[in-house]
Amino acid sequence: MNMRMFWFWFPFRVVAALLVLTGAAVPGIFTLPAYAATAPSPSTTQPIPSVPSAADDTTFWLRAGNDLYLVASTNAGLLGQGTPILSAVPGQTLFLWAFSSTRDVEPNADWFVNSPDAVVHPGSRDIRWTVQSRKAAWATFTASKPGIYTVQARSRDTYSVPLVLIIGLQDLKPKSPVPPPDAEHSGIRPLKGPLPPAIPRKTENLTCWPYQPVDGWLPVIGRASDGVKSVTVTISTPDWSKSWNYTLPISANGVFGADLRVPFQGDLVVYLAPDFFRQLQTNDGRLQQYVGYAVHSDAEALPETGLARLASAWVDYNQNPVFAATATVLMDNAPSIRSGIAAVANFVSGKLRYDWDSFSTGRSVWKSADDAWKSGSGVCQQFADLTVAMLRSVGIAAETVSGETVGPFAGPHQWLRAWDGSSWVIVDPTWNQFGNRSTTAVYSEYLTETQAYKETHIPKIFGAAQ
């Protein structure tokens, strides 16, 4: 379900009224929010994490077809029962199936695993699982050590989309330092001062002093009251064809401030909203409190992959350091960049419980990635947002994709794509979960542009996580 169309509710006549000038002074001294206070690194590049070469599974991805898929479960019957897939440990048996949406898969399929520390045993020829009225081959998987493993099957000379398994998650260790928030890529850096006097814009509990961008960076400074905990800054084209949302925390004395990277070029509009998600939750998706002003940026617009690395209100990895810590562990132990991307997505598939109560009642779920992590639940937006947040936190460009699906779960939907260094990789962590109802299994059916993906997903908006 796509809950992000709330911007259509903006009352633009009120916005115009907010542009009326009132007088006050810029606060002279303030405490910058801690998470925004990381100075830019001397090097402006944040390389995609390296991966070990010993268990490199690049060949698995190069030879993969697009209509043979794998599923792994902790339950032999694939009934949504058993222990969570993320809790799998060395020595534990996982059950594998190879299936296709267009043909039967014979039980004599060949199986491959990228590491000598794991083994796949083909199942008995007379035991088959039927999916979509078609037969599937099965096998068992066991790893002797903690790690991230890639499994692949072959049937009739067609190789499956690889399946990435996380074993012994709690015992996996990072092999490189956790990257700190990087201003060049996150788009948030400390304010450079001093700032000249300006005439403020005000709402009931928010005051901001408007400034124009300098070399593509927008100074944002203000003061909040009445217990406001954060302010979300939206930078948009006047017609809303492009927009981006950053969130800044409020310091103890009620002040907020940072330089924000302006993603777009030309005439733009800036809006500041206090407690963005609380407003959406309590006002049925409407923002009732905000201030706005016009700006112009001559700096070059960010390229697509640059935009896909920025922090944002929905995908704000700077607000929760655990995103980068966990993503670093997964990427460092993955056998390739693409498998690292899959590992992060499968981690989210195993961590979040699908919020069927919200889905079935049609309630809007206005949650950031941070909220989804803490609550352990969400709908498709939160699955996609959290995956994107974790990938961005370690320097991998990723962005959500909003669109529609056809089939049993037809309707608005959101997934993502991530840049592996040479191409975009499609990932749907919601549909990679067992029936959106259990975290006991994980699929590869909607990883990369598979035949199943092409038949069910209709992308409409790329980069919608703002």
Side-chain angles (χ1 to χ4, degrees), residues 1-3 64-73 78-80 84-86 96-102 129 131-132 134 136 151 160-166 338-339 341-356 358-360 365 369 372 376-388 390-391 398-418 424-462 464-465:
M1 298 173 64
N2 189 353
M3 307 292 185
N66 70 347
D67 190 32
L68 182 61
Y69 320 115
L70 300 182
V71 56
S73 174
L78 196 64
L79 301 174
I85 192 75
L86 272 188
L96 307 175
W97 288 266
F99 66 97
S100 170
S101 58
T102 61
W129 169 58
V131 58
Q132 299 174 348
R134 300 186 185 280
V151 179
S160 73
V161 177
L163 179 66
V164 175
L165 300 174
I166 305 169
R338 186 163 289 199
S339 289
I341 293 170
V344 172
N346 288 348
F347 170 86
V348 173
S349 297
K351 178 176 176 58
L352 298 187
R353 173 187 55 82
Y354 193 88
D355 189 351
W356 277 100
S358 294
F359 177 83
S360 60
V365 182
S377 69
V379 292
C380 58
Q381 287 91 347
Q382 285 76 55
F383 279 74
D385 289 349
L386 180 53
T387 305
V388 168
M390 293 178 67
L391 291 171
E399 61 183 19
T400 60
V401 180
S402 292
E404 296 182 359
T405 57
V406 298
F409 299 104
H413 186 49
Q414 188 162 288
W415 56 101
L416 67 123
R417 62 178 186 170
W424 290 102
V425 182
I426 292 293
V427 187
D428 189 342
T430 309
W431 282 30
N432 278 350
Q433 192 180 73
F434 178 73
N436 305 141
R437 295 183 181 276
S438 172
T439 59
T440 62
V442 65
Y443 290 75
S444 69
E445 189 172 4
Y446 302 98
L447 176 62
T448 74
E449 293 192 58
T450 63
Q451 186 64 31
Y453 167 82
K454 294 176 181 178
E455 292 173 352
T456 56
H457 290 57
I458 305 172
K460 292 187 175 181
I461 304 175
F462 293 90

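Since the structure is predicted, the reported quantities are computational estimates derived from the model, not experimental observations. Residues: numbered from 1 along the sequence shown.
- Contact annotation: the side chain of Trp431 never approaches that of Ser349 to less than 4.5 Å [non-hydrogen atoms, C-beta and beyond].
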Check your understanding: How far apart are the C-alpha atoms of Glu404 and Lys460, what are their side-chain angles, what is the distance that settles it, and do they pass the salt bridge (Lys or Arg N to Asp or Glu O under 4.0 Å) test?
Key -> CA-CA 8 Å; Glu404 296 182 359; Lys460 292 187 175 181; 2.9 Å; yes
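- Considering only heavy atoms from C-beta on, Tyr453 stays 4.5 Å or farther from Glu445 through its side chain.
- Tested against Gln414 for a side chain to side chain contact (heavy atoms under 4.5 Å, CB included), the candidates Asp385, Ile461, Asp428, Thr405 yield a single pass: Asp385.
- Smallest separation of non-hydrogen atoms from Val161 and Gly65: CG2-O, 3.5 Å.
- Between Val379 and Asp355, the shortest heavy-atom distance links the atoms CG1-O, 3.8 Å.
- Defined by atom type and a distance below 3.5 Å, a donor-acceptor pair is present between the side-chain atoms of Asp67 and Ser100.
- Put simply, the side chain of Ser444 never gets that close to the backbone of Leu447: no donor and acceptor are under 3.5 Å apart.
- The closest side-chain heavy-atom distance from Leu70 to Leu96 is not below 4.5 Å.
- Panel note: side chain Arg134, backbone Phe99; no donor-acceptor pair is recorded below 3.5 Å.
- Using a 4.5 Å cut-off on side-chain heavy atoms (C-beta onward), Phe347 and Ile166 make contact.
- Counting all heavy atoms, side chain and backbone alike, Asn346 lies closest to Val164 at ND2-O, 2.9 Å.
- Contact of the Trp97 side chain with the Tyr69 side chain is not registered, since no non-hydrogen atoms from C-beta on lie closer than 4.5 Å.
- When all heavy atoms of Ala345 and Val427 are compared, the closest pair comes out as CB-CG1, 3.2 Å.
- Using a 4.5 Å cut-off on side-chain heavy atoms (C-beta onward), Leu86 and Thr439 make no contact.
- Taking 4.5 Å as the limit, every side-chain heavy atom of Thr430 sits out of range of all side-chain heavy atoms of Trp415.
- Residues Val348 and Thr387 form a side-chain contact, since some pair of their non-hydrogen atoms from C-beta on lies under 4.5 Å apart.
- For the pair Glu399 and Arg417, the salt-bridge criterion is met [side-chain N within less than 4.0 Å of a carboxylate O].
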